[in-house]
Each structure stands twice: as C-alpha cells, then as structure tokens.
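Working notes for the structure below.
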Amino acid sequence: GEATRPTAAAVKEAMFSIIAFEIEGRSFLDLFAGSGNLGLEAWSRGARFVQFVDSSRTSLKLTDSNIQKCRAEADCKVLKHDAEAAVDLLYRQGQRFDLIFVDPPYNKGWVQKILGKLAKFPLLTDGGWLVAEHSMHDEIAPSVPESCKIFRSQQYGETVLTFIKQKN
C-alpha cells in the first residue's frame, strides 16, 4: 500500500551483493520492516536470526504472513514498535546484531534520529554492518556513531545506500 515504500529491486540486489559474505550465520535487524522483504532476503541467504521492527500493524501483518509463507517462523521475530523506542528496548534486552538495515521514510530526519539512537544504544556487534537506505537529500555523515565509519555510499537515482561498519 501507500504506507509501504518497497526497496527497488536493483537497490536490493546491489545491497546484497555488497554484503553477501557478511550474512550467513549472522543476526539481522530490519528496522522499518514494511513487508519484511529485506529481512526475509537476508534469511534466505543464510542469516540465522532476523528481528523485524515496524510501527504499522498492517505492515507487520504482511511481514508475519510472508514469514509463514517462507516457513521461517523459527528464525524470525516481529516487534510492533516505534523504531527509536525499539532500539532502546532491544538494547536493554541485551540483543546485538551483526547486520542492521535502516530504511525510514525519506527526507523526514528519521535516518539521522535512528543513527543518533544507535550511537547512544549500540546494537551492532564488533565488526558489524549497518546499511542505511535514504534519500540523496538526507545528510547522514554527522549522525554516524563515533564507533563506526562509513565504508561506502552508493547512489541509485534518488536513493542512496550507505554502508557503515562498526570498528573492531
């Protein structure tokens, strides 16, 4: 629906090509999960666990349905929560992730807010990756946590994928 803005196929393929060797056996956090498409792609490529987060009941109903269709219930968990509050909650629960994918609505300051929240409540494991999908108009470099560095940015039309790596 209009509430969900799916990642374009070319952008999704580019992202998974770049992080291909970082997925197998790893944990994956899909913030702003939408339909769950990206988290399930990571699962299909060998992620051992995927945590989906979205604030939309409709999106999570679709995510649940997609998880069931893939028979991935044992390896996936769905959390209905605002992304900022979810970062806080997951951190307090002691959860850490090898890969975090952040795909908030464009040009609304969300990507900067989430990066700021992740600086305060680090959910990435040592050497972990954060991939932010954002608008080319969203400046994110100042929001990157000090414990991380931008590894690569790739533009696809209006969309930018920024790959951020947790320093060891």
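Throughout, residue positions are numbered sequentially from 1 according to the sequence presented.
- Connection of Tyr91 to Leu99 is not established within any shared hydrophobic cluster, with ILVMFWY side chains joined at heavy-atom distances below 4.5 Å, either directly or through further cluster members.
- When the side chains of ILVMFWY residues are joined at heavy-atom separations under 4.5 Å, either directly or via intervening members, Val102 and Ile140 end up in a single hydrophobic cluster.
- With 3.5 Å as the limit, one finds a donor-acceptor pair spanning the side chains of Tyr106 and Glu133.
- Side-chain atoms of Leu118 and Leu123, non-hydrogen and from C-beta on, do get closer than 4.5 Å to each other.
- Among residues at least two apart or in separate chains, there is no salt bridge (Lys or Arg N to Asp or Glu O under 4.0 Å) pair with a member in residues 146-157.
- Annotation: side chain of Asp103 is not in contact with side chain of Leu31 (no heavy-atom distance under 4.5 Å).
- Every residue two or more places apart in sequence or in another chain that forms a ring pair (Phe, Tyr, Trp, His ring centres under 6.0 Å) with Phe151 is listed here: Trp129.
- When side chains are defined from C-beta on, Lys108 does not count as touching Lys113, because their heavy atoms never get closer than 4.5 Å.
- Between the NZ atom of Lys167 and the NZ atom of Lys165 there is a distance of 12.0 Å, given to the nearest 0.5 Å.
- Within the model, atoms NE2 of His134 and OG of Ser143 stand 10.0 Å from one another, a figure rounded to the nearest 0.5 Å.
- In plain terms, the two heavy atoms of Glu158 and Ser135 that are nearest each other are OE2-OG, 2.6 Å.
- The shortest distance between side-chain heavy atoms of Leu161 and Val11 falls below 4.5 Å.
- Residue pairs meeting the salt bridge (Lys or Arg N to Asp or Glu O under 4.0 Å) criterion with at least one member in residues 39-60, sequence neighbours excluded, are Lys12-Glu41, Glu13-Arg45, Glu41-Arg45.
- The cluster map of Ile, Leu, Val, Met, Phe, Trp and Tyr, joined by side-chain heavy atoms under 4.5 Å apart, puts Leu79 and Leu130 in the same cluster.
- Atom-to-atom distance recorded for Lys120:NZ and Leu115:CG is 15.0 Å, nearest 0.5 angstrom.
- One hydrophobic cluster, built from ILVMFWY side chains closer than 4.5 Å, holds both Leu124 and Ile114.
- For Glu73, the CD atom counts as densely surrounded, since its 6.0 Å shell holds more than 12 non-hydrogen atoms of other residues, nucleotides or ligands.
- Taking NZ from Lys77 and CG from Leu29, the interatomic distance works out to 12.0 Å, rounded to the nearest 0.5 Å.
- Residue pairs meeting the ring pair (Phe, Tyr, Trp, His ring centres under 6.0 Å) criterion with at least one partner in residues 9-54, sequence neighbours excluded, are Phe32-Trp110.
- When side chains are defined from C-beta on, Cys148 counts as touching Gln166, because their heavy atoms get closer than 4.5 Å.
- Through side-chain heavy atoms spaced under 4.5 Å, either directly or across other Ile, Leu, Val, Met, Phe, Trp or Tyr residues, Met136 is tied to Val160.
- Judged purely by atom type and a 3.5 angstrom limit, Gln93 has no side-chain atom pairing as donor or acceptor with the backbone of Gln95.
- Transitive grouping of hydrophobic side chains (ILVMFWY, heavy atoms separated by less than 4.5 Å) brings Val111 and Phe121 into a common cluster.
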Worked verdict on Ile150 versus Val144 for side-chain contact (heavy atoms from CB on, under 4.5 Å): CA-CA 8 Å; Ile150 294 178; Val144 173; 3.9 Å; yes

Are Asn107 and Asp138 close enough, and set up right, to give a side-chain contact (heavy atoms from CB on, under 4.5 Å), and what steps lead you there? CA-CA 6 Å; Asn107 302 315; Asp138 277 323; 4.0 Å; yes

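- A side-chain contact (heavy atoms from CB on, under 4.5 Å) with Asp30 is found for one member of Ile100, Val78, Leu38, Thr63 and no other, namely Leu38.
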Hey, can you pull the donor-acceptor pairs under 3.5 Å for the side chains in residues 80-90, sequence neighbours left out?
unit_1	atom_1	unit_2	atom_2	d
Lys80	NZ	Ser55	O	3.2
Asp82	OD2	Glu84	N	3.1
Asp82	OD2	Ala85	N	3.1

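- Applying side-chain contact (heavy atoms from CB on, under 4.5 Å) to Ser35 and the options Leu40, Thr58, Leu60, Leu62 leaves one that passes, Leu62.
- Counting heavy atoms from C-beta outward, Met15 and Phe101 have side chains that approach closer than 4.5 Å.
- Nearest heavy atoms, Val50 versus Gly39: CG2-O, 3.5 Å.
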